[in-house]
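The shown structure was predicted, so the numbers you read here are calculated from the model rather than taken from an experiment. Chain letters run A, B, ... following the sequence lines, proteins first, then strands; residues in each count from 1.
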Number of protein chains: 2
Amino acid sequence: MNATYKDVKSDILSKITSGHWQPGSLIPNEIELAETYGCARATVNRAMRELADDGLIERRRKAGTRVRASPIRQARFDIPLVRREIEDKGAEYRYSLASRSIETAPDWLRTRLQLGQGADALHLVCMHYADGDPFQHEDRWINLEVLPQARDADFSQVGPNEWLVSTIPFSTAEISFSATLADRALAEYLACDTGAPLFTVERATWFEGDANTFVRLTYRPGHRMTTRY
Amino acid sequence: MNATYKDVKSDILSKITSGHWQPGSLIPNEIELAETYGCARATVNRAMRELADDGLIERRRKAGTRVRASPIRQARFDIPLVRREIEDKGAEYRYSLASRSIETAPDWLRTRLQLGQGADALHLVCMHYADGDPFQHEDRWINLEVLPQARDADFSQVGPNEWLVSTIPFSTAEISFSATLADRALAEYLACDTGAPLFTVERATWFEGDANTFVRLTYRPGHRMTTRY
DNA sequence: ATTCCGTTTATGTCTAGACTATATATAGGG
DNA sequence: CCCTATATATAGTCTAGACATAAACGGAAT
């Protein structure tokens, strides 16, 4: 009686994980459950909606709710600013700008960001250090057609990442992870051997349909990205 | 008038992304918004709750709701079964078991999974192919204390991943991504050069407090894991 | 000044009831 | 036998109102 939506949620969850309700099976409808738990239907609804969001059950009008045959396994990563990532470890953060230039966007970038021919882009290469040791190498391109104010921004003290977050805080992104080999330049930046395997993140971001930036972040050897689910 | 929670959500969202409500600023309380949109407070509440879940706003009792100074950027990955990953590309999936043995769990594994001394583990090495080409190498350890039935399972036709999903469908996991170098054995399995950089996923899973499996998945060179957010 | 405590305020949750939307089942017509 | 209306079951959402809970605030006692 008087169950909260959390009670209902965890009870249903335990019925599922314990195997009491088998994968693929239909579970009682909201009205029945509301009677069982002695609460309003809205309460059951919220519990079930959250379980559906978590990928454990599947709900369809009229057809009812069933336990997913194979639960969707999904991992959620927080993508922090490098500065935070480093400071959260208790290390001291340092930033340095290695190079800055305005270039005609190369073909691969124009394809990636759907830019017109001959579009100008600001090309930045930066390093992020943790307690003085190389932590992350940043190779960034900024679309000057969409962000002309980047031309006058000073990236010598503040990284482009932080500048972008404060300039266009809300954007959509495509992110991809891979492994790459340290070439001579990267090896020098990251103080590692040429040929070392490096964890790499590439991210392209859009705001209101326009691509504004593409970045390749390369981490020092041994870096791991971890999460629980 | 008569706004749905989606209307409210998207209107608030646009006020935020357009900069009408600046990062860090306080936004009107639920009662005021309900009046503004001509709907019940519960409707505004749901809209705001979802925006908070999405990491765009921060809510605190009594203090009110404010636009996050720097929005939490989070990526969500679906972790598919390899078979699905391959079949979804339209490629033909093939599985093969390379080796199977029961061993005393090595120290690193005992630490990783919090196993007792001298615990037995089933060690499997498998390969997953897409259209005949090596796609993923799987190096898996299964805790036989928790899953004794794995001793008698036949992994020659069905991969351990699929067996585990049907045996213990609901579990918590710790997952981590990194880049590793192809040693001679891996290079042979994946038909690539020794020294190639390989994208690696490690996953440990628990069920009701007990660790049941640890796996290292190594992808063929050039593999990317991509998502949008 | 500092600590403690009650007040106030905004969010968090629950309820009972209503209406809506959608997928399924069924019956009737060609 | 197939197609098409119609009925029906179930989830999805909204409402008005109530009470719960956390946290900020202000004043009182130290």
Trainee: Is the distance between the ring centroids of H128(B) and F135(B) under 6.0 Å?
Mentor: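 No, they do not, as the ring centres are separated by 6.0 Å or more.
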Trainee: Could you check whether any side-chain N or O of S25(B) sits under 3.5 Å from a backbone N or O of W21(B), counting only pairs where one atom can act as donor and the other as acceptor?
Mentor: no
Trainee: Nearest nucleotide by nearest heavy atom, which residue falls closer to the 5' end of DNA chain D, G64(A) or N45(A)?
Mentor: G64(A)
Trainee: E35(A) CD to dT10(D) P: how many Å, rounded?
Mentor: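 Nearest whole value for this atom pair: 12 Å.
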Trainee: Would you mind listing every salt bridge (Lys or Arg N to Asp or Glu O under 4.0 Å) that reaches into residues 63-76 of chain A, with sequence neighbours excluded?
Mentor: E58(A)-R68(A)
Trainee: Please list all pairs passing the ring pair (Phe, Tyr, Trp, His ring centres under 6.0 Å) test where one or both residues lie in residues 43-72 of chain B, with sequence neighbours left out.
Mentor: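 Output for this query is empty, none listed.
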Trainee: Please determine whether a side-chain nitrogen or oxygen atom of R60(B) lies at a distance below 4.0 Å from atom OP1 or OP2 of dG12(C).
Mentor: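 No, R60(B) has no side-chain N/O under 4.0 Å of OP1/OP2 on dG12(C).
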Trainee: For W108(A) and F214(A): C-alpha separation, side-chain torsions, deciding distance, then whether ring pair (Phe, Tyr, Trp, His ring centres under 6.0 Å) applies.
Mentor: CA-CA 11 Å; W108(A) 63 267; F214(A) 173 81; 5.6 Å; yes
Trainee: Using the ring pair (Phe, Tyr, Trp, His ring centres under 6.0 Å) rule, collect all pairs that involve residues 48-92 of chain A, keeping only residues at least two apart or in two chains.
Mentor: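 Sorted result for residues 48-92 of chain A: F77(A)-F77(B), F77(A)-F177(B).
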Trainee: Mind running a 4.0 Å heavy-atom check of residues 5-16 of chain A against DNA chain D and sending the residues that fall below it, in number order?
Mentor: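 Result for residues 5-16 of chain A: none.
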Trainee: Would you tell me whether Y219(B) and Q136(B) have side-chain atoms, one donor and one acceptor, within less than 3.5 Å of each other?
Mentor: yes
Trainee: Could you give the CZ-to-P distance, from R66(B) to dA23(D), as a whole number of Å?
Mentor: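 Answer to the nearest Å: 15 Å.
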Trainee: Going by the rule salt bridge (Lys or Arg N to Asp or Glu O under 4.0 Å), which residues pair with D7(A) if we only count those two or more places apart in sequence or in a different chain?
Mentor: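 Residues passing salt bridge (Lys or Arg N to Asp or Glu O under 4.0 Å) with D7(A): none at all.
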Trainee: Rounded to the nearest angstrom, tell me the gap between atom CZ in R49(B) and atom P in dA10(C).
Mentor: 20 Å
Trainee: Distance check needed: dT15(D) P versus R46(B) CZ, whole Å only.
Mentor: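 After rounding, the reported distance stands at 13 Å.
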Trainee: Output a table of nitrogen or oxygen pairs between the protein and nucleotides 19-21 of chain D separated by less than 3.5 Å.
Mentor:
| from | atom 1 | to | atom 2 | distance (Å) |
| --- | --- | --- | --- | --- |
| dT21(D) | O2 | R61(B) | NE | 2.9 |

Trainee: Take the protein atom CZ of R59(B) and the nucleotide atom P of dA23(D), then report the distance between them rounded to whole Å.
Mentor: 14 Å
Trainee: Listed by chain and number, what are the side-chain hydrogen bond (donor to acceptor under 3.5 Å, both in side chains) partners of T205(A), not counting sequence neighbours?
Mentor: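 side-chain hydrogen bond (donor to acceptor under 3.5 Å, both in side chains) check on T205(A) returns N212(A).
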Trainee: Applying side-chain hydrogen bond (donor to acceptor under 3.5 Å, both in side chains), can you list everything that pairs with R140(A), at least two apart in sequence or on another chain?
Mentor: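 Testing R140(A) for side-chain hydrogen bond (donor to acceptor under 3.5 Å, both in side chains), a comparison that skips the adjacent residues, returns E138(A), T213(A).
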Trainee: Rounded to whole Å, please give me the gap between CD in E58(B) and P in dT11(C).
Mentor: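 In whole Å, dT11(C) P and E58(B) CD are 13 Å from each other.
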Trainee: Return the set of residues passing side-chain hydrogen bond (donor to acceptor under 3.5 Å, both in side chains) with S176(B) (not counting sequence neighbours), or none when no residue passes.
Mentor: R224(A)
Trainee: Considering just the side-chain nitrogens and oxygens of T43(B), establish if one lies under 4.0 Å of OP1 or OP2 belonging to dT13(D).
Mentor: no
Trainee: Give, ordered by number, those residues of residues 23-32 of chain B having at least one heavy-atom distance below 4.0 Å to an atom of DNA chain D; if nothing qualifies, reply none.
Mentor: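 Listed by number, there are none.
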Trainee: For E162(A), check side-chain hydrogen bond (donor to acceptor under 3.5 Å, both in side chains) against everything at least two apart and list the hits.
Mentor: R83(A)
Trainee: Quick check for you: among dT24(C), dA24(D), dT11(C), whose closest atom lies nearest to any side-chain atom of K62(B)?
Mentor: dA24(D)
Trainee: Send over the distance from E50(B) CD to dG12(C) P, rounded to a whole Å.
Mentor: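 About 13 Å, once rounded to whole Å.
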Trainee: Please tell me if T65(B) has a side-chain N or O lying less than 4.0 Å from either OP1 or OP2 of dA10(C).
Mentor: no
Trainee: Rounding to a whole Å, what distance do you find between M48(B):CE and dC14(D):P?
Mentor: 15 Å
Trainee: Under 6.0 Å from the six-membered ring centre of Y5(B) and within 45° of its axis: does the NZ or CZ of R46(B) meet both?
Mentor: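 Yes, a cation-pi geometry.
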Trainee: Please round to 10 degrees the angle between the axis of the first five pairs and the axis of the last five pairs in the helix from dA1(C)-dT30(D) to dG30(C)-dC1(D).
Mentor: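 So the angle between the two local helix axes works out to 20°.
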